[in-house]
Amino acid sequence: MATPQLSRATLSQVSNTVITPGYAVHPLKTGVVHLGLGAFHRAHQAMVFDQLLREGDSRWGIHGVGMTQPGLVTKLRAQDGLYAVRIAGATGVEWQVPGALWQTSVATTERQNVLNAIAAKSTRWLTLTVTEKGYTASLAQLLIDGLRLRHAAGHAGLTIASCDNLQGNGHKLQALIHATASAQDTALMQWMDAHCAFPCSMVDRIVPAATDEVATAAKDALGLIDDCALSTETFWEWVIEDKFVDPADGALLAQCGVRVTPDVHSYEEAKLRMLNGSHSAMALMGAITGRPYIATCIGADHIREFVYRLMSQEVAPHLSRTDWADYRYALIQRFGNPYLKHSVHQIATDSSQKIPQRWPPSILGQMAKGQAFEHHALAAAIFLRYTLAVDEQGHAYALNDPQAESLLAIGKNQVTDAAGSLKALLSRQDLWGTELPHNTLWAQRVAYWHDQVIHQGIDATVKFAITLDA
């Protein structure tokens, strides 16, 4: 007999060891429109909204929008928006089926559905996880067109919360909308500024891309087939600015474990530079050495020590988050979670968009204090080695990056013309900002480490690097 598929109709068959939603669903009264229906949102904000729904507040159902690809939306529709999440930590594993996803659309093929959802009277929030590269004029135009319909209908403004890894993300999103708006949108922009809220936020939870292993584990746990199952960690953090259209929303979120504060900056800079900055360095090391996952990388003593020193010596001195030492300890524990098959190539995706926010602030901070920046210089050298697009075992890999063509062109001759490749990479202001491309000491140290990486390999070089200040 064939195993049935997870859906609203089969939810009652799920094992009672799995947490399932018991609340009513009102698909025509979703309160949240979410743009960017990937794994992260479904294992993070969607689970917060699910908690609010469990507590009897029916205003938090989600209309989830896939921005370009219909594949995931098609799978979720077949399961009535349901999916299982494996939550794994030091104390064990539990499974949960969030039920907050009530409607789905694809922005590229169902644009009017998205606009109507933004304009719907029941909609109160609009949230985004479209990645750093998703903040484009086309995104802004989608929001403008939806807000125009909403304004014309006479409905209340929205709390519009960016949840991407951008410092000041709320400010940046609002500025992007203004920059994209036409002269005919003046009245709309005035209404938006007066009646919508753009809180900045920082979100943190490690959510690897879905795998066959997780799907198999979900089938065993649920007794049903789940084509959308995810795996994540017990740790999660959502820090959001206390700026909402409905001020009461802050207290509701706080009761669910969200940190509501006027000071998001100290948390977002710590996450970008400590977690994300370390992630980028490890992902590049893993890609080159053939280590498939972050847990594989941090499991190597020399890489773990490198990450510890990177965070402690070159990142932490420039953070305003006061509990950074505890945060560092938690990060190293989280990186090693064996259940999180977090692909190094997934994290290395879009490195050209991520590195500018993650590394230069710490490098410049060290320079301003006259302190060493060797760990970041080695990371930059490893980034150049990564653009060779072949690992140390001779296996080719793809650079999944908006700048892949130019990065491959820079990196292809680095073995025979290291100086030329280094100059081409380090002169790019889109990667390093306006100061570092003119700093000769920075260029010298990256060149030194690049020579070591090319001739000694990643592991030997990292092992050597951590002896220098031992």
Side-chain angles (χ1 to χ4, degrees), residues 21 23-37 40-65 81 98-103 114 117-130 143 146-147 149-151 153-164 166 168-174 177 191-205 236-268 271:
Y23 48 80
V25 175
H26 306 285
L28 300 181
K29 293 186 178 180
T30 54
V32 180
V33 173
H34 180 80
L35 306 183
L37 191 57
F40 181 82
H41 166 73
R42 290 186 290 124
H44 193 281
Q45 301 97 21
M47 297 187 77
V48 174
F49 298 145
D50 174 73
Q51 186 175 339
L52 287 164
L53 290 164
R54 290 174 194 278
E55 293 172 359
D57 191 338
S58 62
R59 300 174 300 165
W60 299 92
I62 303 167
H63 187 131
V65 179
L101 188 58
W102 293 355
Q103 290 267 30
V114 179
I118 295 172
K121 187 175 182 180
S122 63
T123 301
R124 306 173 60 250
W125 276 56
L126 191 152
T127 54
L128 300 90
T129 49
V130 295
L143 297 177
L147 290 173
L149 287 179
R150 187 172 189 86
H151 182 218
H155 297 328
L158 299 176
T159 295
I160 303 175
S162 166
C163 300
D164 284 298
L166 293 165
N169 48 24
H171 305 310
K172 288 178 179 174
L173 179 59
Q174 188 171 8
I177 293 172
W191 172 83
M192 181 186 78
D193 290 344
H195 296 280
C196 294
F198 288 82
C200 295
S201 69
M202 185 282 284
V203 291
D204 188 358
R205 193 173 213 179
W236 68 275
E237 193 169 35
W238 186 359
V239 183
I240 190 165
E241 188 178 6
D242 192 2
K243 184 192 291 185
F244 310 103
V245 171
D246 183 349
D249 287 350
L252 290 174
L253 291 170
Q255 289 170 12
C256 292
V258 177
R259 192 187 300 258
V260 180
T261 174
D263 174 32
V264 176
H265 178 72
S266 63
Y267 296 93
E268 64 188 6
K271 193 233 175 173

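These values consider heavy atoms only, across backbone and side chains, with no hydrogens, waters or symmetry-generated copies. Just so you know, residue 1 is the first one in the sequence shown, and it goes up from there.
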Tell me which donor-acceptor pairs under 3.5 Å the side chains of residues 246-258 have, and how far apart each pair is, sequence neighbours excluded?
| from | atom 1 | to | atom 2 | distance (Å) |
| --- | --- | --- | --- | --- |
| D246 | OD1 | A248 | N | 3.0 |
| D246 | OD2 | R124 | NH2 | 3.3 |
| D249 | OD1 | R124 | NH2 | 2.7 |
| D249 | OD2 | R124 | NH2 | 3.0 |
| D249 | OD2 | W125 | NE1 | 2.8 |

Carefully, step by step, assess H63 and T123 under the rule side chain to side chain contact (heavy atoms under 4.5 Å, CB included).
CA-CA 9 Å; H63 187 131; T123 301; over 6 Å; no

Supply the atom-to-atom distance Q174 CD to N169 CG, rounded to the nearest 0.5 angstrom.
12.0 Å

Sub-3.5 Å donor-acceptor pair from the side chain of [X] to the main-chain atoms of [Y], do we have one?
{"X": "T159", "Y": "A197", "answer": "no"}
{"X": "K271", "Y": "V203", "answer": "yes"}
{"X": "Y23", "Y": "A100", "answer": "yes"}
{"X": "S122", "Y": "G31", "answer": "no"}
{"X": "T30", "Y": "I62", "answer": "no"}

With sequence neighbours excluded, what pairs up with H41 under the ring-ring contact (aromatic ring centres under 6.0 Å, His included) test?
H34

Please enumerate all residues that pass ring-ring contact (aromatic ring centres under 6.0 Å, His included) together with H155, with sequence neighbours excluded.
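Partners of H155 under the ring-ring contact (aromatic ring centres under 6.0 Å, His included) test: none.
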
[X] vs [Y] side-chain heavy atoms within contact, under 4.5 Å:
{"X": "W238", "Y": "C163", "value": "yes"}
{"X": "M192", "Y": "L158", "value": "no"}
{"X": "R150", "Y": "W191", "value": "yes"}
{"X": "L101", "Y": "L37", "value": "yes"}

The side-chain contact (heavy atoms from CB on, under 4.5 Å) partners of V25 (sequence neighbours excluded) come to R8, P27, W102

Taking side chain to side chain donor-acceptor pair (under 3.5 Å) as the test, write out the residues that go with D164, two or more places apart.
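With sequence neighbours excluded, D164 shows a side chain to side chain donor-acceptor pair (under 3.5 Å) to Y135, given in chain and number order.
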
Can you name the salt bridge (charged side-chain N to carboxylate O under 4.0 Å, His left out) partners of E268, sequence neighbours left out?
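Result, salt bridge (charged side-chain N to carboxylate O under 4.0 Å, His left out) vs E268: none returned.
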
Take a 6.0 Å sphere around NZ of K172 and say whether it holds more than 12 heavy atoms from other residues, nucleotides or ligands.
yes

